[in-house]
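Note that the structure is predicted; figures quoted are calculated from it, not measured. One-based numbering, in listed order, for ligands and for the atoms of each. One is the number of the first residue; the rest follow in order along the sequence.
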Amino acid sequence: MQLSNRINNITMGCSDGWDVFLRARRMIAAGQDVIELTIGEHDIRTDPTILAAMNQSAVGGNTGYALVPGNQNLREAVAARIQSRTGTPTSWRNIMITPGGQSALFSAHMATLDEGDTALYCDPHYTTYPGVLRALGAKTVSIPTRSSDDFQPRTGPLNAAARGAKTLLINSPNNPTGVVYSRETMQNIAQTCKDHDLWLISDEVYDTQVWRGSHTSPRSLPDLAERTIVIGSMSKSHAMTGSRIGWLVAPEAVIQRTCDLATVVTYGVAGFVQDAALFALKQGEALETKVAAPFARRRKLALDVLKDTNAVRMIPASGAMYLMLDIRATGLSGDDFANALLDTEKIAVMPGESFGTCAAGHVRVAMTIDDARFEAALRRLAGFAQSQIDT
Ligand code: PLP
């Protein structure tokens with residue numbers, strides 16, 4: 001029996017970029033001691049107080065169907081949080097609760113793209129982006145960014161791609177580069193969207209992890225709220241990856257339609273998870289800072305470890321839980337470097353090529369193991385890079 005083109009096209013039958021990660025997992029299963037710096041997941045678990053709130057809600061009987069757009073109190077709390085963080089007027093009517101940011105990404109594009117429409121995203125990109133767009137039958141066009149520009153998108157390539165396009169997907173703080181887009185970059189993006197009448201879909205799931213500079217939510221820029229859909233999530237901010245809880249922020253008319261979509265796909269988010277999310281949001285910034293603190297510490301360690309090496313250049317890491325390392329001085333591709341590092345040092349990192357073509361010759365390091373092992377692993381990585389130059 002024939003499957004649909006749309007589902008076959010999600011990966012186009014190609015590698016999804018996780019080969020090194022999967023090889024590392026096989027080595028671990030075979031008993032080898034591999035240090036994993038691959039996946040974007042905290043080394044701490046969800047805070048026990050959040051789990052207690054979830055348990056209390058579930059045991060208290062909140063196990064039935066929940067309202068599709070999300071519980072009123074959670075929508076209100078998310079709206080208040082966004083308004084206070086960005087200064088942009090936001091009502092609960094602008095919020096739909098989703099099972100994680102990934103579902104919100106799909107809903108936002110489903111709401112704005114018809115089959116065959118052109119959808120833009122920046123390269124390097126989070127691994128799922130092209131698949132989301134292809135699942136919807138969109139024509140995908142990536143906007144190249146350059147290592148020498150710290151992967152900030154520039155106006156020339158933005159405008160060149162924008163003609164005739166319908167949507168632009170951006171992500172700051174960025175996975176995989178660890179870069180926070182400057183206010184100037186955001187203003188340029190906003191201008192491009194206005195000039196070419198694009199929907200702007202802004203993935204801000206790392207907005208609580210900013211180490212340098214500040215995060216500008218483009219929805220707060222003049223005349224942008226009506227054409228912007230923001231993707232939010234508690235996966236990264238509250239170490240709640242497995243709970244699958246996030247949201248869309250959008251004009252009310254968009255939310256009405258994405259609720260129609262949720263009714264036919266997810267049928268809402270578990271009520272006890274929503275109660276836990278509300279509890280977590282009520283803890284305010286203190287909990288978010290506690291969850292983000294290990295990455296801030298490890299970024300500092302990395303700056304220190306890598307400051308004297310010429311074999312590895314660290315892209316200025318200003319946010320999120322990743323470091324992007326330029327290893328072109330070794331003469332290896334990101335793929336070859338990552339595979340050789342795994343074989344010789346038993347350290348797994350993600351090749352830059354997993355995230356598009358613009359991060360070729362780079363590797364992404366997730367700062368997701370304890371400080372001492374992280375520092376030791378980075379020293380071994382730098383030593384390995386140096387050995388490639390010396391031989
Ligand atoms: N967007 C980016 C940039 C991510 O890195 C991730 C997960 O790693 C997601 C969205 C999806 O996150 P979740 O569905 O867990 O909220």
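- In this view, Arg26 satisfies the side-chain hydrogen bond (donor to acceptor under 3.5 Å, both in side chains) rule with no residue, not counting sequence neighbours.
- Here the closest heavy-atom approach between residue Ile170 and residue Tyr129 is recorded as O-OH, 4.4 Å.
- Set against the non-hydrogen atoms of Gly100, the atoms of ligand 1 under 4.0 Å away are 14 (O), 16 (O).
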With ring-ring contact (aromatic ring centres under 6.0 Å, His included) as the criterion, how do Tyr126 and Tyr206 come out once you've worked through the C-alpha distance, each side chain's angles and the decisive distance to 0.1 Å?
CA-CA 12 Å; Tyr126 174 50; Tyr206 293 97; 8.1 Å; no
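- Looking from atom 9 (C) of ligand 1 to the surrounding protein, the closest heavy atom is Tyr126 CE2, 3.5 Å.
- When hydrophobic residues (I, L, V, M, F, W, Y) are linked wherever their side-chain heavy atoms come within less than 4.5 Å, the members clustered with Leu342 are Val20, Met27, Ile28, Val34.
- The distance from ligand 1 to the heavy atoms of Gly101 drops below 4.0 Å at these ligand atoms: 13 (P), 14 (O), 16 (O).
- Ranking protein heavy atoms by distance to atom 10 (C) of ligand 1, first place goes to Asp203 OD2, 3.5 Å.
- Ligand 1 has an N or O atom lying under 3.5 Å from an N or O atom of Gln102, backbone or side chain.
- Ligand 1 places these atoms under 4.0 Å from at least one heavy atom of Ser233: 13 (P), 16 (O).
- For ligand 1, the atoms closer than 4.0 angstrom to any heavy atom of Arg244 are 13 (P), 14 (O), 15 (O).
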Stepwise, does the ring-ring contact (aromatic ring centres under 6.0 Å, His included) test hold for Phe279 with His238?
CA-CA 11 Å; Phe279 169 86; His238 292 80; over 10 Å; no
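- Per-residue contacts place Asn171 under 4.0 angstrom from the following atoms of ligand 1 (heavy atoms of the residue considered): 3 (C).
- Under the 4.5 Å side-chain heavy-atom criterion for grouping Ile, Leu, Val, Met, Phe, Trp and Tyr, Leu221 is connected to Leu198 within one hydrophobic cluster.
- For atom 15 (O) of ligand 1, the nearest protein heavy atom (residue, atom name, distance) is Ser235 OG, 2.6 Å.
- Per-residue contacts place Lys236 under 4.0 angstrom from the following atoms of ligand 1 (heavy atoms of the residue considered): 7 (C), 8 (O).
- Ring pair Phe295/Trp211 is tilted by interplanar angle, where 30° to 60° counts as tilted.
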